[in-house]
Amino acid sequence: MQEIIIGAISLGLLWAVMTIGVYITYSVLGMADMTAEGSITLGAAVAAKMISSGRSPIYGLLLAITCGMAAGLCNGILHTKFKIPSLLSGILTMTALFSINLRVMGRANISLLRMPTIFTPVSDMFNLDKGSSVIVVGVLVCAGIIALLYWFFGTEIGSAIRATGNNADMVRAQGINTDTTIILGMMLSNGLIAMSGAMIGQSQNYADLQMGTGAIVIGLASLFIGEVLFGKRSYFIRLTSMVFGAIIYRIIIASVLRLGMPADDLKLFTAITVIMALSLPNIKKFAQGKRRSLSGGQ
Amino acid sequence: MLQVTNLYKVFNKGTVNERMALENVSLSLGVGDFVTVIGGNGAGKSTLLNCVAGVYPPDSGSINLDSIDVTRMQEYKRAKYLGRVFQDPMRGTCGDMNIEENLALAKRRGQHRGLSWGVTSKERIEYRHLLKSLDLGLEDRLTSKVGLLSGGQRQALTLLMATLKNPKLLLLDEHTAALDPRTAKKVLDISDYIIREEGLTTMMVTHNMRDAIRYGNRLIMMSGGSIAVDVSGDEKRKLTVEDLLRLFEKAKGKEEDIPDRMILG
């Protein structure tokens, strides 16, 4: 059991980066960005390709982030300049990325077995096994990202991005180009998601064309778990709650699998989790309305 | 300060719902003019304001602000010259952000936004001071979410945000219509005070005849997409609601009814 928990924590820390990316588009900008499904694979593909062709894992990671940001830029332009609804523009970018990912990798998957990864220096230096070094790197990366984003959303540009998701009319009235803020938000989000993909690929020792399928739903499930546990409080707490949400999601998944749920049902289970989180407020409202009408009042 | 020349705007062109919203509207405002704009539903007053603000472009005609041609300038670009308060108290502020963050966003209108802090401690002192002048008890609530404020408080805050950077033109679009009469009066008085204190050139759309008469130094009444009545100076000062109704009857020439809420207001 302990092994399962440690595995869940290490995987959760890597997926936390992705959850924070989803948080930027879903909670800050207020749109569900399907690009995530493509950019997580893109990140894994680019990093794996670089490592397997002998480049350093750090270089692969940085290039993965850059490519993810480029994917976010494309989606942002489709949405803001060509006025394609955000859900559709995300689906289009995601679909296009499927071909691009295949081109990057040259085949459906790349194995990284016995190759250096970003986790190798840590496991060498402290003489740790892979799982523990993933946790060390994951904690450091998550802490760094939270600090960076906490700072960024407090700056003038960061405030403008936050305000855009809240009230775009007002933001334009304050002389801010909302197209730019939306594009910046999407770039930031997809850069993080690709980074997450690059790290996930290296931790499991392979990149796979299909690894992004259902990723957005996993991100949303983690996000809702974080929100339920920590509430919608200050920015710092909200960002931190994404990390815990992602870890707890992994622990839940590991537990239900251990309890005997077939792995094939995983995506169904995750989707139901998200559906419950999204519909709960409405069900509550409906129940309250019922109760009120039963008691004869308004 | 504002020069509107031969403005035309048609909505749903070429369909059965085609509607002439602005028909050859020309208007010139001097520095410090405070004009109230009145008219029934569909008279074109909001369309005129939105064309000036850049929400949508006019079909023809031109708009100049302080001899800058802004006719085709994008909304966010010309925002640098404009202060705006909307009818809906929710539209002028970010409900999920706190008071000081909202003010800080407005404080940087027309300026480059970079990676320096969104709100500085020096600004906080200034904001507290400004909020105190509103006398709504907001000066001690700088870090409260704006979503928690009442409609009147939100409008007063929006007003403060709109005037923080001394706009060339202040656009008030029925900004008290959603408030109860007492709060509306208070917000109007605050508006009037700021406008006079700063000497702001202002266009205020209202559906309330009495407010239109009480405030400002000029009054225009719109009907069917054009300016039907335009009074200023002494003539405006002596104006009564009865005069206004008579002027309206004379000017409109079409079988158009004055909406009840305009008389009753």
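Just so it is clear: chains get the letters A, B, ... in the order the sequence lines come, proteins before strands, and each one is counted from 1.
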To the nearest 0.5 Å, tell me how far [X] [atom1] sits from [Y] [atom2].
X	Y	atom1	atom2	answer
A:Asp169	B:Arg84	CG	CZ	7.5 Å
B:Thr93	A:Met170	OG1	CE	6.5 Å
B:Met97	A:Arg162	CE	CZ	4.0 Å
A:Trp151	B:Leu115	CH2	CG	4.0 Å

* Max heavy-atom pair count under 4.5 Å with chain A, selected residue of B:Lys77, B:Lys80, B:Arg108 ->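 Option with the greatest count: B:Arg108.
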* **Winner by heavy-atom pair count (cut-off under 4.5 Å) against chain A, out of B:Gly83, B:Gly54, B:Gly110, B:Gly92** => B:Gly92
Can you tell me if [X] has over 12 outside heavy atoms packed within less than 6.0 Å of its [atom1]?
X	atom1	answer
B:Arg196	CZ	no
A:Tyr150	OH	no
B:Lys122	NZ	no
A:Tyr235	OH	yes

* Distance-only, no hydrogens or angles: does the A:Asn167 side chain make a donor-acceptor pair with backbone N or O of B:Gly95 under 3.5 Å? -> no
* Which of residues 149-169 of chain B get closer than 4.5 angstrom to chain A, counting heavy atoms alone? ->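 Residues B:Met161 are the ones that qualify, each having a heavy atom under 4.5 Å from chain A.
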* Select, from A:Ile157, A:Asn177, A:Thr178, the one with the greatest count of heavy-atom pairs under 4.5 Å involving chain B. =>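 It is A:Asn177.
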* Asked: Passes side chain to side chain contact (heavy atoms under 4.5 Å, CB included), B:Arg113 versus A:Gln174? Steps please.
  -> CA-CA 11 Å; B:Arg113 283 164 215 258; A:Gln174 303 308 334; 4.2 Å; yes
* Structure fact -> Bottom line for A:Phe153: the part with an atom under 4.5 Å from chain B's heavy atoms is neither
Minimal non-hydrogen separation, [X] against [Y], with atom names:
X	Y	value
B:Gly118	A:Ser159	CA-OG, 4.0 Å
A:Ala173	B:Phe86	CB-CZ, 4.1 Å
B:Leu105	A:Ala163	CD1-CB, 3.5 Å

* Could you tell me which portion of B:Arg91 (side chain, backbone, both or neither) has an atom closer than 4.5 angstrom to a non-hydrogen atom of chain A? =>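 Answer is both: backbone and side chain atoms of B:Arg91 are under 4.5 Å from chain A.
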* Asked: So which pairs with a foot in residues 54-85 of chain B pass ring-ring contact (aromatic ring centres under 6.0 Å, His included), sequence neighbours left out?
  ->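 Applying ring-ring contact (aromatic ring centres under 6.0 Å, His included) to every pair that reaches into residues 54-85 of chain B, excluding sequence neighbours, yields B:Phe11-B:Tyr56.
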